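Worksheet for the structure shown next.
Not measured: the values here are computed from a predicted model. A note on names: the letters A, B, ... follow the listed sequences, proteins ahead of strands, and every chain is numbered from 1.
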Amino acid sequence: MRIEFKSNNTILYDVPDFNLDQTFSCGQCFRWNNISPDTYIGVAFGRVLKITQNDGKFIMHNTSVEDFNKIWNGYFDIPRNYGEIKKSLAIDSVMEKAIASGGGIRILRQDVWETIISFIISSSNNIPRIKKIITALCENFGEPLEEGLYSFPSPENLRGITEDDLAPIRAGYRAKYMVDAVNKVLSGDVDISSFDKLDTDSVRQELLKINGIGNKVADCILLFGLGRTDVFPVDVWINNTMCKLYPDRCTSLNNVRLVGRELFGNYCGIAQQYLFYYARENGGNI
DNA sequence: CCCCAGGTCAATT
DNA sequence: AATTGACATGGG
């Protein structure tokens, strides 16, 4: 890979195993939009980024090398060697096909607070509406940025919020869960600043204190907000897929999480993303 | 009018 | 410990 800074843009050449369409449409993030065939615009960590892909070349518009190093390099998980990981996950013909299909997915390292709220909203919901609710949340309670976009509201931005205050974003019964998350994080009852130092099971234990967070949502936060690739979030799609692929192993819904861990090891979270993408691409017919 | 959507909670067996 | 229905909302 090569990095170049030219006319206000940071340009990456020859980035392997990275595809924007796959990365942004595999259900891990909700704030990126396609604005032309090869270009997306989105917000992360209070920054707006416009990014264009042509094969292995990526143009990050109006982005300094400092911003790339400080934010986007980690956010897009650029340093990780996905080639080696994919080899270890190709345990059978279906996984080979899943990797061939979604092999350009990068596990985004998102803001933890943003993933907490986003995946609370995701419960029993569909992706277009999740995006709509999060957009409304940002427009109502975030801070204005460029291009008419808004930051994701911090816990401080949401201090004192009530269910009634959240009514305009149309989150339904999830609004009370969001209020609980704000209160527990602001009070320090759930200390999200300590998460990076804690092991995966301890973080999960903390996350489960928040109303509206169960095992699946906690696993998504661990994977997409903390980079814990050793968790295997199980939603309806993954559950159905795994039960078809490995019927003898998958008994209960909770046990599928462990089966994923056993089959795919420390990178089972990445395997989960390949499977999720592949299953959805094929309408569940795997 | 029906069903479903990246689930979770609380009540019940 | 496992099962079941409610929970808001919008789209097909």
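- If you measure from atom CG of A:Asp219 to atom C1' of B:dG7, you get 12 Å, rounded to the nearest angstrom.
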Notebook entry, point to check: Do A:Arg80 and A:Asp17 pass the salt bridge (Lys or Arg N to Asp or Glu O under 4.0 Å) test, and can you show the C-alpha distance, the side-chain angles, and the key distance before you say yes or no?
Noted result: CA-CA 10 Å; A:Arg80 195 192 295 275; A:Asp17 309 306; over 6 Å; no
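- The closest side-chain donor-acceptor pair between A:Thr200 and A:Arg228 falls under 3.5 angstrom.
- Here B:dG6 presents its C1' atom at 13 Å from CD1 of A:Ile221, a figure rounded to the nearest Å.
- Here the side chains of A:Arg174 and A:Asn125 are in contact, with some heavy-atom distance below 4.5 Å.
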Notebook entry, point to check: Reading nucleotides 8-13 of chain B from the 5' end, what letters show protein touch, with B for base, S for backbone sugar-phosphate only, - for no heavy atom under 4.0 Å?
Noted result: SS----
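- Listed candidates were C:dG11, B:dG6, C:dA8. Nearest to the side chain of A:Lys176 is C:dA8.
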Next item on the list: Apply ring pair (Phe, Tyr, Trp, His ring centres under 6.0 Å) to the pair A:Phe68 and A:Phe58, showing each step before the final yes or no.
Entry: CA-CA 12 Å; A:Phe68 171 74; A:Phe58 295 82; over 10 Å; no
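- Between B:dC2 and C:dA6, the distance separating the two P atoms is 14 Å to the nearest Å.
- Note that CG of A:Asp165 is 6.0 Å distant from CZ of A:Phe141, once rounded to the nearest 0.5 Å.
- In this structure, A:Lys131 atom NZ and B:dG6 atom P are separated by 13 Å, rounded to whole Å.
- The CD1-C1' distance, from A:Ile134 to C:dG10, rounds to 16 Å in whole Å.
- Nucleotides C:dG10 and B:dC9, compared at atom C1', are 23 Å apart to the nearest Å.
- Applying the ring pair (Phe, Tyr, Trp, His ring centres under 6.0 Å) rule to pairs touching residues 34-54 of chain A yields A:Phe24-A:Tyr40, sequence neighbours excluded.
- A:Asn157 places a side-chain N or O within donor-acceptor distance of the main-chain N or O of A:Ser154, the cut-off being under 3.5 Å.
- Counting only heavy atoms from C-beta outward, the side chains of A:Met60 and A:Asn9 never approach each other to under 4.5 Å.
- Here, B:dC4 and C:dT4 have their P atoms 16 Å apart, quoted to the whole Å.
- Within the 4.0 angstrom heavy-atom criterion, no nucleotide atom of any strand lies near A:Cys29.
- No contact: A:Glu163 has no heavy atom under 4.0 Å from any strand.
- Rounded to the nearest 0.5 Å, atoms CD1 (A:Ile169) and OG1 (A:Thr135) are 10.5 Å apart.
- Rounded to a whole angstrom, the distance from the P atom of B:dG6 to that of C:dG5 is 22 Å.
- Taking atom NZ on A:Lys132 and atom C1' on C:dT9, their separation rounds to 10 Å, with Å as the unit.
- Between A:Gln273 atom CD and B:dG6 atom C1' the separation is 10 Å, expressed in whole Å.
- A:Met178 places its CE atom 13 Å from the P atom of C:dT9, with the value rounded to the nearest Å.
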Protein-nucleotides 3-5 of chain B N/O pairs closer than 3.5 Å?
{"unit_1": "B:dA5", "atom_1": "O3'", "unit_2": "A:Asn125", "atom_2": "O", "d": "2.8"}

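- Heavy atoms of A:Tyr277 sit nowhere under 4.0 angstrom from any nucleic acid atom.
- At whole-Å resolution of the value, CG in A:Asn254 and C1' in B:dG7 are 13 Å apart.
- For the pair A:Ser252 and A:Arg170, both in contact range of DNA chain C, the more 5′-proximal nearest nucleotide belongs to A:Ser252.
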Next item on the list: Decide side-chain contact (heavy atoms from CB on, under 4.5 Å) for A:Met1 and A:Ile78; before the verdict, give the C-alpha distance in whole Å, the side-chain angles of both, and the deciding distance to 0.1 Å.
Entry: CA-CA 10 Å; A:Met1 196 195 89; A:Ile78 299 295; 3.6 Å; yes
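- Residue A:Phe276 and nucleotide B:dG6 are classified as a stacked aromatic pair, their ring centres being separated by less than 5.5 Å at an interplanar angle below 30°.
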